[in-house]
Amino acid sequence: MSSGKPVRLGILLSGRGSNFLAIAGAIREGRLEGVEIAVVIANVAEAPGLAAARDLGLKHEIFVSKGRKRAEHDADVLACLRAHRVDLVCLAGYMRLLSPEFVAAFPNRILNIHPSLLPAFPGLDAQEQAFDYGVKVAGCTVHLVDEHLDHGVIVLQRAIPVLETDDSHSLALRILDEEHVAYADAIARVASGEYEVRGRRFVKRKVSIN
Ligand code: GRF
């Protein structure tokens with residue numbers, strides 16, 4: 001991906017948008033060089049993350065998904081991403097499954113963040129699932145999106161211990177702090193062009209010396 005040109009992100013969100021804001025903060029503070037936010041897209045009109053994008057002066061669009069066929073909604077979102085010349089799609093609390101056409105349109109170019117150490121606890125309320133299971137280590141995963149839920153190649157994970165004093169709420173908050181670091185780090189890795197997918201592994205490219 002590193003052709004010298006900035007890598008343009010398309011952020012998709014449905015709610016709060018704290019991961020989006022962490023990415024925007026990393027760019028603003030120079031921790032994510034060569035990356036810019038091309039557009040923020042929400043599928044829920046009231047999403048606080050959308051209002052935050054507007055307040056930051058970023059390009060933002062709303063495509064309400066409720067009541068629409070997945071393929072039709074996704075076609076609109078795809079057209080918007082293309083119009084904004086997006087290189088890398090970042091799902092940041094986007095509470096909607098992508099159609100196969102969407103996934104195929106950005107091969108290995110869609111990232112998602114999930115608040116568990118995948119493959120444990122996919123799906124909703126992952127932090128609560130982990131807490132209720134009694135795990136001693138929890139965390140978050142940034143992964144490439146494929147056609148299955150919370151399944152694609154893992155780009156990176158951050159782990160934290162579950163404390164005796166934790167409840168599921170405090171654990172979720174501490175995982176969220178890790179998410180905010182993890183997402184920017186994962187974007188930096190993908191944008192660097194120095195990594196490749198080998199099987200299920202996301203690894204540094206081998207440098208060939210001629
Ligand atoms: C995060 O916990 C993320 O891992 C999950 O959805 C939540 C979104 O939070 N996919 P926010 O909207 O980024 O604050």
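When a ligand or atom number is given, it counts from 1 through the structure's own listing order. We count residues from 1, following the sequence as given. Given the structure is predicted, the values throughout are model-derived calculations rather than measurements.
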Item to complete: Return yes when Gly17 approaches ligand 1 closer than 4.0 angstrom through a heavy atom, no otherwise.
Response: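 A heavy atom of Gly17 does come that close to ligand 1.
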Practice prompt. Just say parallel, tilted or perpendicular for the rings of His73 and Phe63, cut-offs at 30° and 60°.
Written response: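 Perpendicular, since the angle between the ring planes exceeds 60°.
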Worksheet item: Under 30°, 30 to 60°, or over 60°: which ring-plane class applies to Phe106 and Phe102, parallel, tilted or perpendicular?
Response: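 Rings of Phe106 and Phe102: tilted, as their planes differ by 30° to 60°.
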Practice prompt. Looking only at distances, please establish whether an N/O atom of ligand 1 is found under 3.5 Å from an N/O atom of Asn19.
Written response: yes
Worksheet item: Does the N or O separation between Ile113 and ligand 1 drop below 3.5 Å for any pair?
Response: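 Indeed, backbone or side chain, Ile113 has an N or O that close.
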Fill in: His60 side chain to Leu58 backbone, donor-acceptor under 3.5 Å
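Present.
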Which heavy atom of the protein is the closest neighbour of [atom], given with residue, atom name and distance?
atom                    : value
atom 11 (P) of ligand 1 : Ser18 N, 3.4 Å
atom 4 (O) of ligand 1  : Glu179 OE1, 2.7 Å
atom 8 (C) of ligand 1  : Gly93 CA, 3.6 Å

Fill in: Arg200 atom CZ, over 12 foreign heavy atoms within 6.0 Å
yes
Worksheet item: When rounded to the nearest 0.5 angstrom, what is the spacing between CD in Glu101 and CZ in Arg70?
Response: 10.5 Å
Discussion item. Under a 4.0 Å threshold between the charged nitrogen and the carboxylate oxygen, would Lys5 count as salt-bridged to Asp87?
Written reply: no
Fill in: Element-labelled atoms of ligand 1 that are located less than 4.0 Å from some non-hydrogen atom of Arg16
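That gives atoms 9 (O), 11 (P), 12 (O), 14 (O) of ligand 1.
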